[in-house]
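Some notes on the structure that comes next.
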Amino acid sequence: MTVFDIKNFSVFYGPKEAVKSVSLKIKKNKVTAVIGPSGCGKSTFLRSLNRMNDFIPNLTTKGEIFFFKENIQKTNPVDLRRKIGMVFQRPNPFPKSIYKNIIWGPKINGYKCNWDELVETSLQKTGLWDEVKDRLNDSALNLSGGQQQRLCIARAIAMNPDVILMDEPCSALDPAATARIEDLIEELSQNYTILIVTHNMQQAARVSEETAFFYNGQLIEFGATKDLFTKPKEKRTEDYITGRFG
Amino acid sequence: MNFSWRYQKNSLFKLFTLLAALFSLIALTTLLVHILHEGWQYLSPQLLKNFPSRFPHKAGIYPAIMGSLWLMILTFFIAVPLGLLSALYIEEYLPKGKWKSLIMVNIKNLSSMPSIIYGLLGLAIFIHTLGFDHSLLSGALTLSLLILPMIIITATEAIRAVPKSLRMASFALGAEKHQVVFLQVLPAALPGILTGIILSLSRAIGETAPLIVIGAATYISFTPESIMDPFTVIPLQIYSWTSRPQAEFHHLAASAIIVLMILLFSLNLLAVFIRNHFQKYKSRL
Amino acid sequence: MIFKNSLFKKSLSTLLALTGVLTLSITLFSIILLGKESWSFFQKVPLKDFLFGTHWAPLLEPKSFGVLPLLSGTFMIVILSISLALPLGLLTATFLSEFASPHWRKWLKPALEILAGIPTVVYGYFALTFITPLLKSIYPPTEIFNALSASIVVGIMILPMISSLCDDAFFDFPISLKEGALSLGATPFEFITQILYPASLSRIGAALVLAISRAIGETMAVTIAAGATPKITLNPFESIQTMTAYIVQVSLGDTPAGGIEYQTCFAVGALLFILTFFFNWIGHKIMTRWSWELS
């Protein structure tokens, strides 16, 4: 089943074309990695999927993205973002307690449920529960960087999204914390569709089932991770994964 | 889950913020239009040439203009060297630590003191202790006291904004501290310092309260010849005409306001010009 | 060898140190002098009578030196002007940082700077010749000199300061938190009221405190528009007198140095100094060591 169906999608910063006519289908319950050298448009592409680029002035798009057959340009962005969780480069917990961080999203969106239960299950899914269960009312800012990032994932999960977008979620973390997040991505992949942008090829190889390689705004190659890393079809993909540039 | 209501709340809030922003624009326009409307009829060369008078149609602000200019020049020559050298001392020579932060906190505090307090200080020091009388000198010294903290703050900020690399490069070429400070740091910080000085001076030009407290004249029939002469300034003339009950004098006050605002506007334009000019220059570097 | 001469070098650093010390000691000295002048006042009038007396009539016989009427006048102006300027300033800053297009910002920011740069005597004129007649046409019992008219212009005067301090605070707010909130499906309104405002509370508080200090020290607008009638009242349509306006009133008369009228100025000035110093100190304290706080 297709979650995102992207058809000839382009993004322009003013006159500059940052994403060039990308067509791609993202499948349900798979981890898809988006790789490429910095400045290749992979982040811009990811942020288009839940219309986080709406806030950038002078940014225009062309083409269409369908989210479960619904054209996202015609959907209400708030409604769209409720169904698509996002995790950012740097952990960005709100300056509130751990508990409030988890329930904030569901609450403003008018979900009705048992908050305590929601907090517990969300934190358990990210393996944070045992570490923080005694200090749920502490400020989230007192957590370590890795814990903060897992809290942000828990916060996204609490909304029960269909998809989770991750924009280089480990770039600000140390190797140990990175390993934990990678394990977590693997666990979550059983129930969620995950798109992860990363500049770390090993990471893409470790966690993803499918990989898209972006270069200079273009989608160069897309396919099963195994194949892309072992027998790339494109010369530029091969150059990149063998470290000849980027 | 009521989507439309959440959206309406958002739009309503956005509208409120827009209205709040419009309030300032409307207030500014109303004020400017009102003053132009009240004051245009007395706006003539006579206003600039004549002395104040009991007869509104003969009254002018010549002594007040001269007083304001004198005061501005004197204040410039007192406050700028003191402020600049103090800023250099604080920023470049005073070691970082408790003393420095204590001094900066106090200067910040002084810069947000009400201006009338400076009037009282001027009264106590320059008039009753040093005996300078209600003269231009007392006025300039008082206003210098008032704008010194502002000048020091803007100058230290400008000096701090000079890149460390510039200093390091100069030291690496074997320059002495003084040479670095006066030949590299100061010129690089100059645009910022100049802007700060002009804005402080324009604040001084618009001040009324401290000058009333030190007893500057509200009615004067001659222009100051030396720094020990009594004086009046445009804001004081405006005040004295505003506090009269007759409508004609209110119109005169409005015309004087126009003159004052034009003066202030030109000063501000000069500051903007300097800023833009040097920014362009900098970006070419 | 420019500036290499050692005598020159020495005298230069001495000169710098001297001016630095001179400037600092001038300010210190002035404060001492202010204290000294008000000390002679409190030799004649007990501090208790000054601070808690409810009648202020130092220029009339029998003289009376209770400062409360002036304080109440000052705080009436403060409360009224802040209730106008704080919500408007906060919303203006919100508009500027969250909703305004660059085009709007380009127009609005200079307009606010101009408002902030207009001399206070001009605001006084505007209050007396525009706001007061306007108030009178709406509510005829309004007196010619009244607290409301002065408060409105003082509010307009301090609005730019509040909006620019809040705008700075919102500008410093990490964009990642905004993205976090919006990615969870929040509307901008929900983000602003539930994340941005609570997290910026200390900075907004600092803006408020500094604005209060400005309003306390405001002189010309209140002298011109609010009158010279020291009294304790809650009616904003009546004439009142503030501490600053009193100092102006005495200064306009010919007061001999050393007389009690002269000294009242310094006593009132010292009180003004302490009040504004207190508020400024709190404001700058919050500004320098604020942190995102838990809400």
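Only this structure's heavy atoms are used, side chains among them; waters, hydrogens and symmetry mates stay out. The model shown is predicted, which means the values in this text are computed figures rather than measured ones. Residue numbers begin at 1 in each chain, while the letters A, B, ... track the order of the sequences.
The residue among C/T193, C/L108, C/T94, C/I131 with the most heavy atom pairs within less than 4.5 Å of chain B is C/L108. Your options are C/T129, C/I114, C/L34, and the one with the most heavy-atom pairs under 4.5 Å with chain B is C/T129. The greatest number of non-hydrogen atom pairs below 4.5 Å with chain C, out of B/T208, B/I257, B/I116, B/N109, is found for B/N109. Ranked by heavy-atom pairs under 4.5 Å with chain C, the first of B/L94, B/L123, B/L148, B/L88 is B/L123. Here C/P188 is the residue among C/G269, C/A111, C/P188 with the most heavy-atom pairs under 4.5 Å with chain B. The candidate with the highest count of non-hydrogen atom pairs below 4.5 Å against chain B, out of C/V122, C/T120, C/I144, is C/V122. With chain C as partner, the option from B/P114, B/P81, B/P235, B/A27 having the largest number of non-hydrogen pairs under 4.5 angstrom is B/P114. Ranked by non-hydrogen atom pairs under 4.5 Å with chain C, the options B/I205, B/I238, B/I125 are led by B/I125. Counting heavy-atom pairs under 4.5 Å between each of B/A247, B/G206, B/G119, B/S11 and chain C puts B/G206 at the top.
Contact annotation for C/L88: both backbone and side-chain heavy atoms come within less than 4.5 Å of a heavy atom of chain B. The part of B/T129 that comes within reach of chain C is its side chain, from C-beta onward, which places non-hydrogen atoms under 4.5 angstrom from that chain. Contact annotation for B/L82: both backbone and side-chain heavy atoms come within less than 4.5 Å of a heavy atom of chain C. For C/L272, the parts sitting under 4.5 Å from any heavy atom of chain B are the backbone and the side chain alike. Only the side chain of C/T223 comes within contact range of chain B, judged by heavy atoms closer than 4.5 Å. Of the atoms belonging to B/I107, it is side-chain heavy atoms, and not backbone ones, that fall under 4.5 Å from chain C. Of the two parts of C/A186, only the backbone, made up of N, CA, C and O, holds a non-hydrogen atom closer than 4.5 Å to a non-hydrogen atom of chain B. Interface residue C/T219: only side-chain heavy atoms are found under 4.5 Å from chain B. Only the side chain of B/L22 comes within contact range of chain C, judged by heavy atoms closer than 4.5 Å. Heavy atoms of B/N106 lying under 4.5 Å from chain C belong exclusively to its side chain. Heavy-atom distances place both the backbone and the side chain of B/L18 under 4.5 Å from chain C. When heavy atoms are compared at a cutoff of 4.5 Å, B/H250 approaches chain C by way of both its backbone and its side chain. Contact annotation for C/L96: neither backbone nor side-chain heavy atoms come within less than 4.5 Å of a heavy atom of chain B. With a threshold of 4.5 angstrom between heavy atoms, C/E218 does not approach chain B through any atom at all. Contacts of B/S112 with chain C are made by both backbone and side-chain atoms, with heavy-atom separations under 4.5 Å. When heavy atoms are compared at a cutoff of 4.5 Å, B/L85 approaches chain C by way of both its backbone and its side chain. Contact annotation for B/I103: only side-chain heavy atoms (C-beta onward) come within less than 4.5 Å of a heavy atom of chain C. At a 4.5 Å heavy-atom cutoff, the contact between B/M113 and chain C is made by backbone and side-chain atoms alike. With a 4.5 angstrom heavy-atom cutoff, C/L15 touches chain B only via side-chain atoms.
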| message | B/F13 vs B/K9, test: side chain to side chain contact (heavy atoms under 4.5 Å, CB included). Steps then yes/no. | response | CA-CA 6 Å; B/F13 181 68; B/K9 263 201 293 196; over 6 Å; no
| query | For C/H284 and B/V105, what are the C-alpha separation, side-chain angles and deciding distance, and is it a side chain to side chain contact (heavy atoms under 4.5 Å, CB included)? | reply | CA-CA 8 Å; C/H284 292 306; B/V105 165; 5.6 Å; no
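Salt-bridge check for B/K14 with C/E98: failed, with every basic side-chain N at 4.0 Å or more from each acidic carboxylate O.
Within the model, atoms CZ of B/F23 and CG of B/L28 stand 11.5 Å from one another, a figure rounded to the nearest 0.5 Å. Here the CG-CD1 distance, from B/L236 to B/I61, works out to 12.5 Å after rounding to the nearest 0.5 Å.
When the ring pair (Phe, Tyr, Trp, His ring centres under 6.0 Å) test is applied to C/F266, the partners found at least two apart in sequence or on another chain are C/Y262.
Using a 4.5 Å heavy-atom threshold, the side chains of C/T92 and C/L112 count as touching. The shortest distance between side-chain heavy atoms of B/I152 and B/Y89 does not fall below 4.5 Å. A heavy-atom distance below 4.5 Å is not found between the side chains of C/P87 and B/F16. Counting heavy atoms from C-beta outward, C/F41 and C/T264 have side chains that approach closer than 4.5 Å.
Aromatic pair C/F95/C/F99: centroids not less than 6.0 angstrom apart.
The two residues B/R203 and B/S111 come nearest to each other via the heavy atoms NH1-O, 4.3 Å. B/I151 and B/G83 get closest at one heavy-atom pair: CG2-CA, 4.1 Å.
When each of B/I234, B/I212, B/V233 is tested with B/Y239 by the rule side chain to side chain contact (heavy atoms under 4.5 Å, CB included), just one qualifies, namely B/I212.
Between B/H34 and C/Y125, the ring-plane angle classifies as tilted under the 30° and 60° cut-offs.
With 3.5 Å as the limit, one finds a donor-acceptor pair spanning the side chains of B/S115 and B/E207.
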